[in-house]
Number of protein chains: 2
Amino acid sequence: MTSTDPAPRPPVRPTRQRRAVAAALAGFDDFRSAQEIHDLISRQGESVGLATVYRTLATLAEAGEVDMLRNEDGEAIWRSCSDTHHHHLVCRTCGATVEVEGPAVERWTNAIATEHGYADISHTLEIFGTCPACR
Amino acid sequence: MTSTDPAPRPPVRPTRQRRAVAAALAGFDDFRSAQEIHDLISRQGESVGLATVYRTLATLAEAGEVDMLRNEDGEAIWRSCSDTHHHHLVCRTCGATVEVEGPAVERWTNAIATEHGYADISHTLEIFGTCPACR
DNA sequence: CGGTGGTTTGACAATCGTTCTCACCAACTC
DNA sequence: GAGTTGGTGAGAACGATTGTCAAACCACCG
């Protein structure tokens, strides 16, 4: 690691493509795969390369503007989210999602990890069930 | 669903290959990918096809004898497990794993889900961090 | 304006984990 | 020992994701 490494964070330009992805994300509130988002954009008349969709989603996820998680097949799925830390209650059938917060869980995971000497903690917690409408 | 559906569970034969996979699983206590397990078996002199390793792991996971979860890249990773419900504290660097239990978390997820009218609840919770040895 | 250097993009190839296919093998039944 | 059924292996196929690289774009400068 060189000492001359001033974190050269490149500026993020609001290009047409990035705006299209953001617009698509604003159009639904469940989790969608990158390919579904790509289709959605196409269907709206815009044309954005699939690779660009992936790149943009990755950038947004890193910036904390979208949530990314994995469905049971291991595919990445995304949706825009509020900016506070939270988890999801997801309908197994229709995908309807509720954001939930659980300060107690945060405290518990940190306590457990510290107790075992683990540092630099992160965690994943997703709840799956069948929503009232799907029952 | 026909009423004449006596769950035609095929018998699981203890073949040489399945024994080899089980033996490999007994040889480590962190999470490993299918390919790593396959390599492990080869290195022990046995020869088992990769597809068979996948098939066997899937069967064992369904039977509840191994845990399967996904690392951050979406790859499936496995390890043998105790038979009670539990979660994992996994080292991001070396994979060292601690099984943890959290009755409070179980109660919390059920409460939250019920509150929102969701039924038939399941959840995933994994904690990642850096273990003492890797710091 | 016209150049200039860095960023972004898109088409497509490449990767890589996982599953499928299918011919063959092994165990069990009659 | 012939038939039946499940299990296996090699390799092809698949599908999500990432890499490549030349062309397009943009902000800025003179």
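Chain A is the first sequence line, chain B the second, and so forth, proteins listed ahead of strands; every chain is numbered from 1.
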Please state how far atom [atom1] in [X] lies from atom [atom2] in [N], giving the value in whole angstrom units.
X     : N      : atom1 : atom2 : answer
A:R70 : D:dG15 : CZ    : C1'   : 13 Å
B:N71 : D:dT17 : CG    : C1'   : 14 Å
A:R19 : D:dC25 : CZ    : P     : 14 Å
A:R18 : D:dC25 : CZ    : P     : 15 Å

- prompt: Which nucleotide in the list C:dT18, C:dT9, D:dT8 gets nearest to the side chain of B:E75?
  reply: C:dT18
Examine [N]: is either OP1 or OP2 under 4.0 Å from a nitrogen or oxygen in the side chain of [X]? Give yes or no.
X     : N      : answer
A:Q17 : D:dC25 : no
A:T15 : D:dC25 : no
B:T52 : D:dG9  : yes
A:R16 : C:dG10 : yes

query: Using 4.0 Å as the upper bound for N to carboxylate O, is an ion pair formed by B:E99 and B:R79?
result: yes
Under-4.0 Å salt bridge between A:R70 and A:E126: no
field: Cluster companions of A:F128 among Ile, Leu, Val, Met, Phe, Trp, Tyr (side-chain spacing under 4.5 Å)
entry: A:V90
task: Can you run down the side-chain hydrogen bond (donor to acceptor under 3.5 Å, both in side chains) pairs that involve residues 40-50 of chain B, sequence neighbours left out, and say none if there aren't any?
output: B:R16-B:E46
- prompt: Is the backbone N or O of A:G49 less than 3.5 Å from a side-chain atom of A:H38, with the two atoms forming a donor-acceptor pair by type?
  reply: no
message: For residues 69-98 of chain B, which residue pairs pass the ring pair (Phe, Tyr, Trp, His ring centres under 6.0 Å) check, not counting sequence neighbours?
response: B:F31-B:H88, B:H85-B:H87, B:H85-B:H123, B:H86-B:H88, B:H87-B:H123
Any side-chain heavy-atom pair of A:T52 and A:V21 under 4.5 Å: no
Side-chain heavy-atom pair A:L69, A:T124 within 4.5 angstrom cut-off: no
Residues within residues 24-38 of chain A bordering DNA chain C, heavy-atom distance below 4.0 Å: none
Quick one: which protein N/O atoms are closer than 3.5 Å to N/O atoms of nucleotides 19-30 of chain C? Pair and distance per line, please.
none

- request: Taking side-chain hydrogen bond (donor to acceptor under 3.5 Å, both in side chains) as the test, write out the residues that go with A:R19, two or more places apart.
  value: none
